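Worksheet for the structure shown next.
This one's a predicted model, so the numbers in the text were calculated from it and none came from an experiment.
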Amino acid sequence: MGTLVTLQLPPGSPIADLPWVVTIGALGDPDEWDPVVCGPYERDHALALARAVVADDDLMAVVEPLQPLDGVEAIRREIELARTADFSDADAGSSATVPGTPPEPGEVRAGWRRIAAGILTP
């Protein structure tokens with residue numbers, strides 16, 4: 001059985017609505033092979049797909065938001081926020097999401113359309 005790693009988000013977090021990517025790699029030696037990065041997906045799809053892939057194999061899946069930032073300054077602001085974030089109460093009030101069954105390919109493609117529409121809409 002593998003490992004699934006993701007962020008625990010508080011209810012109503014706007015990060016949940018971002019596109020999410022899944023990075024799958026070796027659970028043991030990280031130099032064994034290069035990780036595979038998949039996505040973007042909607043968060044629930046990413047979690048369910050990652051869980052299904054690592055369920056019966058010694059793999060690690062990291063599910064994280066993809067930040068669609070539009071330039072150097074936006075990226076720098078996000079880096080500064082990450083550097084100065086206070087995670088001392090990170091687990092307080094967070095809700096653990098249990099992924100459901102993996103989405104079918106048609107559901108994933110519908111999710112991609114929603115992601116594209118959301119990114120392209122100012």
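Counting heavy atoms from C-beta on, the side chains of Arg43 and Leu9 come closer than 4.5 Å. In this structure the side chain of Val63 reaches within 4.5 angstrom of the side chain of Leu4, judged on heavy atoms. Between Trp20 and Ile115 there is no side-chain heavy-atom pair separated by less than 4.5 Å. Considering only heavy atoms from C-beta on, Thr23 comes within 4.5 Å of Glu64 through its side chain. Under the 4.5 Å side-chain criterion, counting only non-hydrogen atoms from C-beta, Cys38 is not in contact with Val21. Side-chain contact between Gln67 and Leu18 is present, with at least one heavy-atom pair separated by less than 4.5 Å. Residues Leu59 and Leu27 have side chains not in contact (no heavy-atom distance under 4.5 Å, counting atoms from C-beta outward). With contacts defined as side-chain heavy-atom distances shorter than 4.5 Å, the pair Tyr41/Leu49 qualifies.
Placement of Leu47 and Val5 in two distinct hydrophobic clusters is found when ILVMFWY residues are connected by side-chain heavy-atom separations under 4.5 Å, directly or transitively. The same ILVMFWY cluster, assembled from side-chain heavy atoms under 4.5 Å apart, contains both Val108 and Ile24.
Rounding to the nearest 0.5 Å places CG of Leu66 at 12.5 Å from CD1 of Ile15. In this structure, CZ in Arg76 is found 10.5 Å from CZ in Arg83, a value given to the nearest 0.5 Å.
In terms of heavy atoms, Leu69 sits closest to Ala74 at CD1-O, 3.8 Å. The shortest non-hydrogen separation linking Ala50 to Val22 is CB-CG1, 3.8 Å. Counting all heavy atoms, side chain and backbone alike, Gly100 lies closest to Arg51 at O-NH1, 4.0 Å.
A donor-acceptor pair under 3.5 Å links the side-chain atoms of Thr84 to the main chain of Glu80, judged by distance alone. Glu107 places a side-chain N or O within donor-acceptor distance of the main-chain N or O of Glu104, the cut-off being under 3.5 Å.
The environment of Asp70 atom CG is sparse: at most 12 non-hydrogen atoms of other residues, nucleotides or ligands sit within 6.0 angstrom.
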Side chain to side chain contact (heavy atoms under 4.5 Å, CB included) between Arg77 and Ile75, intermediate numbers included: CA-CA 5 Å; Arg77 282 192 303 274; Ile75 294 168; over 6 Å; no
